[in-house]
Protein chains: 2
Amino acid sequence: MSLPPRKGRPTQVDIARRAGVSQATVSLVISGGAVSDQVAESTRQAVLAAAAELGYTANVAARRLRGKRNHLLGVYTFEPVFPVDQRDFYYPFLVGVEEATAALGYDLLLFSSVTSAADRSIYAGGVNRLRIADGCVLLGRNVRRDELAALVREDFPFVFLGRRELPDGELSYVAADYVTATSDMVTTLAGHGHERILYLRAIEDTEPTLDREAGYRQGLATAGLPVDESLIQALADPAELTAEHLEHWIARYGVTAVLIEPTEDTRLTSALDAIAATARIRFPQDCSIALLGDPPSWTPERPDWTRFSLPRVEMGREAARMLIDLLEGRQDAPQHRSLRCSFVTGDSIGPAPSAGPS
Amino acid sequence: MSLPPRKGRPTQVDIARRAGVSQATVSLVISGGAVSDQVAESTRQAVLAAAAELGYTANVAARRLRGKRNHLLGVYTFEPVFPVDQRDFYYPFLVGVEEATAALGYDLLLFSSVTSAADRSIYAGGVNRLRIADGCVLLGRNVRRDELAALVREDFPFVFLGRRELPDGELSYVAADYVTATSDMVTTLAGHGHERILYLRAIEDTEPTLDREAGYRQGLATAGLPVDESLIQALADPAELTAEHLEHWIARYGVTAVLIEPTEDTRLTSALDAIAATARIRFPQDCSIALLGDPPSWTPERPDWTRFSLPRVEMGREAARMLIDLLEGRQDAPQHRSLRCSFVTGDSIGPAPSAGPS
DNA sequence: AGTTGATCTTAATACGTATTAATAACTCCG
DNA sequence: CGGAGTTATTAATACGTATTAAGATCAACT
């Protein structure tokens with residue numbers, strides 16, 4: 001009766017032995033597949049009883065091996081540190097990813113060891129650790145294109161948070177619609193009478209920057225304003241931005257409004273704060289300022305910058321959903337989606353000064 | 001050359017085919033077992049090259065089934081929602097766990113997927129999905145003891161964040177030293193001349209509450225004060241706490257100071273705020289108040305409550321470290337560790353009122 | 001009685017890996 | 001040249017589950 005197969009955890013074989021049936025039958029009863037209701041009620045009861053007596057719980061590893069799916073979604077960042085800090089620019093993305101992932105029955109794997117290692121590469125040690133997960137959400141500004149390309153080549157399922165393009169392969173992404181948001185910002189300024197709008201862009205040609213520039217041009221076109229190439233300026237280091245600098249643009253080029261890409265650190269906002277502190281230029285009386293994105297963190301934003309804001313949490317959710325759609329075969333081609341940014345009124349733009357003295 | 005076995009994720013068989021060896025050889029090279037150095041250098045290189053080209057990573061489930069580890073640490077919470085929100089009481093624990101986990105070269109698996117209904121369960125669906133990880137950090141207030149016991153029984157490696165005891169088995173935990181912290185708070189109050197200190201405790205006999213009560217008694221003993229059992233009161237719902245209530249205690253029992261366990265939601269602090277708003281009792285002039293723990297952080301802490309604060313981030317780190325020690329065999333017996341709380345001066349305690357009217 | 005069906009159960013297999021025992025190839029040496 | 005010893009590789013197997021195809025049993029109907 002009570003044969004002692006007490007070695008480790010009870011398995012379906014143990015149950016089978018005890019109930020006098022085969023392992024297959026046990027599996028049918030336990031996991032209740034399609035053919036499950038063909039099992040006679042008496043045997044079903046016997047199996048369940050035996051399972052209960054032995055305290056059986058199914059082995060996840062075996063199930064997932066069999067099911068060819070780990071039900072794990074990965075998150076990897078190209079940033080130097082994993083965005084668990086609430087003030088991190090990327091943190092809200094993570095929150096969104098987690099939310100959708102959990103809701104869809106997957107667990108979330110944070111590839112933070114890879115991130116924190118000295119040799120921080122997806123392929124550290126020659127292996128693609130991301131493959132542990134069924135698929136992966138990637139994020140971060142300074143992407144390693146070679147690694148992205150490698151992932152595409154071995155067609156590992158992933159979704160990038162932010163638009164990224166590769167010369168050869170296509171990849172899936174969920175992006176913020178920088179083009180429309182920037183364009184709208186320009187037309188809003190134009191509506192306030194601004195005609196000389198300076199656009200300070202990042203120096204690298206990353207997609208987010210390219211999109212903003214495209215939006216800038218599009219907005220000017222919509223507003224019927226000419227594009228003055230000299231009003232598009234690259235800013236290597238936002239710390240460069242000083243009151244003198246700005247006065248120069250206002251006096252020399254007749255600039256009345258400035259669009260700036262915020263950085264993910266505090267350099268830009270500190271620079272702006274510094275300028276405001278000098279009181280040589282008043283925002284928005286002397287010059288309107290709008291940020292093309294979110295300033296870092298939700299620090300006490302004393303000056304309430306006029307800006308647009310990325311739906312970061314929703315982008316995270318959408319990325320997870322998209323990835324799971326890919327994994328479960330509801331989609332296959334690379335997917336692209338752009339989400340609208342929201343406009344934050346703020347108080348740093350106003351009507352254009354009516355021409356004026358320096 | 002480039003045969004197209006492009007189906008899903010590459011396996012050792014795929015590598016073997018490509019490198020012209022057997023699967024066994026691949027396994028030897030990859031996982032580097034004991035016999036691993038018998039492999040000829042040339043074949044080793046061939047295998048590694050093939051693996052790199054295919055972007056191979058060992059299948060977690062298969063390794064787990066085989067009884068192997070994957071450098072994966074899990075986190076599971078008994079709370080209804082995973083603490084990714086920065087304002088969540090449990091959030092700092094998560095940050096600490098992530099930090100230490102990454103630093104020690106492990107990746108972090110968040111078991112956030114909620115399979116079915118309201119009550120979270122480790123064994124939902126008759127599976128212990130935690131086992132896909134090497135070990136797990138558990139947290140949450142309303143623990144399911146039966147599941148904890150089951151985990152102990154199947155000796156799955158885990159560490160609880162907070163002291164938890166089970167009738168039968170032993171488990172490892174990292175806790176806050178509530179006893180000492182509460183005791184110190186009592187002696188501090190005694191130093192201010194308080195002799196009648198009311199202790200409002202949670203109604204359930206959970207370990208954190210038991211520890212605080214022990215600390216209360218110990219503190220009184222240290223201060224040479226008698227324990228009046230009627231000054232130990234259970235508070236079912238913190239919302240019960242009203243000005244009338246408190247006045248009653250002050251007038252009838254000569255209470256001059258109150259110790260309260262904060263809840264993880266805002267009920268307690270709102271109740272206190274409400275009392276302060278009535279202006280019928282002034283803190284600390286009429287009565288000193290000290291919190292035995294951290295109030296929830298989704299309130300701007302206008303009144304700066306005197307309290308002690310748990311080293312939550314450090315507790316998280318310590319839990320991860322402890323778990324990894326267990327996994328890597330540096331420890332085996334269940335480990336217990338208590339970390340000191342820090343004292344937050346605040347402004348809600350003061351000298352005892354010199355006896356008094358009404 | 002033999003064919004067909006219906007109902008229940010099980011043998012066989014695959015999932016991907018790690019390991020043990022066995023084989024093959026090669027060297028050494030009398 | 002044949003046996004012993006060494007070295008490099010592989011066949012076979014186990015881990016625990018889910019599923020498919022096949023088998024067994026019995027009832028019903030021609």
Side-chain angles (χ1 to χ4, degrees), chain A residues 5 7-47 50-51 54-72 127 131-134, chain B residues 5 7-47 50-51 54-72 125-129 131-132 134 154:
Chain A
K7 20 174 195 178
R9 305 182 347 122
T11 72
Q12 294 188 348
V13 173
D14 297 325
I15 299 182
R17 225 184 319 246
R18 183 174 254 255
V21 296
S22 75
Q23 174 269 326
T25 305
V26 174
S27 175
L28 286 181
V29 172
I30 300 278
S31 64
V35 222
S36 157
D37 40 4
Q38 291 182 2
V39 179
E41 192 54 28
S42 57
T43 47
R44 154 180 264 93
Q45 293 306 331
V47 167
L54 293 177
Y56 171 83
T57 59
N59 182 319
V60 222
R63 275 213 174 153
R64 298 198 171 168
L65 178 56
R66 175 61 225 243
K68 301 164 182 265
R69 200 136 283 170
N70 285 329
H71 275 258
L72 296 185
V127 296
R131 282 247 188 234
I132 288 183
D134 296 334
Chain B
K7 19 172 196 184
R9 58 149 50 89
T11 72
Q12 294 188 349
V13 174
D14 296 326
I15 299 181
R17 226 185 316 250
R18 184 174 254 253
V21 297
S22 74
Q23 176 269 326
T25 305
V26 174
S27 176
L28 286 181
V29 171
I30 301 275
S31 63
V35 222
S36 158
D37 41 2
Q38 291 182 1
V39 178
E41 191 53 28
S42 56
T43 47
R44 157 181 262 90
Q45 293 306 332
V47 167
L54 294 176
Y56 170 83
T57 300
N59 182 315
V60 182
R63 280 181 57 90
R64 259 341 245 156
L65 184 56
R66 226 20 251 269
K68 289 299 164 183
R69 301 264 165 83
N70 292 297
H71 271 227
L72 274 191
V127 206
N128 171 6
R129 58 207 176 92
R131 290 195 86 95
I132 203 70
D134 297 348
E154 58 176 73

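The chains referred to below are lettered A, B, ... by the order of the sequence lines, with proteins before strands, and numbering in each begins at 1.
- No donor-acceptor distance shorter than 3.5 angstrom exists from the side chain of A/Asn70 to the backbone of A/Asp134, with no hydrogens or angles considered.
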CA sep, side-chain torsions, deciding dist, call: B/Val26, B/Tyr56, side-chain contact (heavy atoms from CB on, under 4.5 Å): CA-CA 11 Å; B/Val26 174; B/Tyr56 170 83; 5.8 Å; no

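- Scored by the side-chain contact (heavy atoms from CB on, under 4.5 Å) test, A/Val60 finds A/Arg64, B/Val127, B/Arg129, B/Arg131 as partners (sequence neighbours excluded).
- Side-chain nitrogen and oxygen atoms of A/Thr11 include none within less than 4.0 Å of the OP1 or OP2 phosphate oxygen of D/dG16.
- Atom P of nucleotide C/dA14 and atom CZ of B/Arg9 are separated by 20 Å, given to the nearest angstrom.
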Can B/Lys68 and B/Ser31 be said to form a side-chain contact (heavy atoms from CB on, under 4.5 Å), step by step? CA-CA 10 Å; B/Lys68 289 299 164 183; B/Ser31 63; over 6 Å; no

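- Under the side chain to side chain donor-acceptor pair (under 3.5 Å) criterion, B/Arg66 pairs with no residue, sequence neighbours left out.
- Taking the C1' atoms of five terminal pairs at each end of the helix from C/dA1-D/dT30 to C/dG30-D/dC1, the two resulting helix axes are inclined by 80°, rounded to 10°.
- Straight-line distance from the CD atom of A/Gln12 to the P atom of C/dT9: 16 Å, rounded to whole Å.
- Using a 4.0 Å cutoff on non-hydrogen atoms, the parts of residues 61-72 of chain A near DNA chain D are A/Ala62, A/Arg63, A/Arg66, ordered by number.
- Atom pair A/Asp14:CG and D/dC15:P shows a separation of 11 Å (rounding to whole Å applied).
- When rounded to the nearest whole Å, the span between CG of A/Asp134 and C1' of C/dC15 equals 14 Å.
- For the pair A/Asp14 and A/Arg17, the minimum side-chain heavy-atom distance is below 4.5 Å.
- To the nearest 0.5 Å, atom CG of residue B/Asn59 and atom CZ of residue B/Arg9 are 5.0 Å apart.
- Between A/Ala61 and B/Ile132, the shortest heavy-atom distance links the atoms CA-CD1, 4.1 Å.
- If you take CD1 of B/Ile30 and C1' of C/dT19, they are 16 Å apart, rounded to a whole angstrom.
- Separating the CD1 atom in B/Ile15 from the CD atom in B/Gln23 is a distance of 10.0 Å, to the nearest 0.5 Å.
- With rounding to whole Å, A/Leu54 atom CG is found 14 Å from D/dG16 atom P.
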So if I define the base as every atom that isn't primed, P, OP1 or OP2, how would nucleotides 5-12 of chain D read as a B/S/- string at a heavy-atom cutoff under 4.0 Å? ---SBBB-

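- Not a single side chain to side chain donor-acceptor pair (under 3.5 Å) links B/Thr43 to another residue, sequence neighbours left out.
- Look at A/Ser31 and you'll find a side-chain N or O under 4.0 angstrom from OP1 or OP2 of D/dA18.
- Taking CZ of A/Arg63 as the reference point, atom CG of B/Leu65 lies at 13.5 Å (rounded to 0.5 Å).
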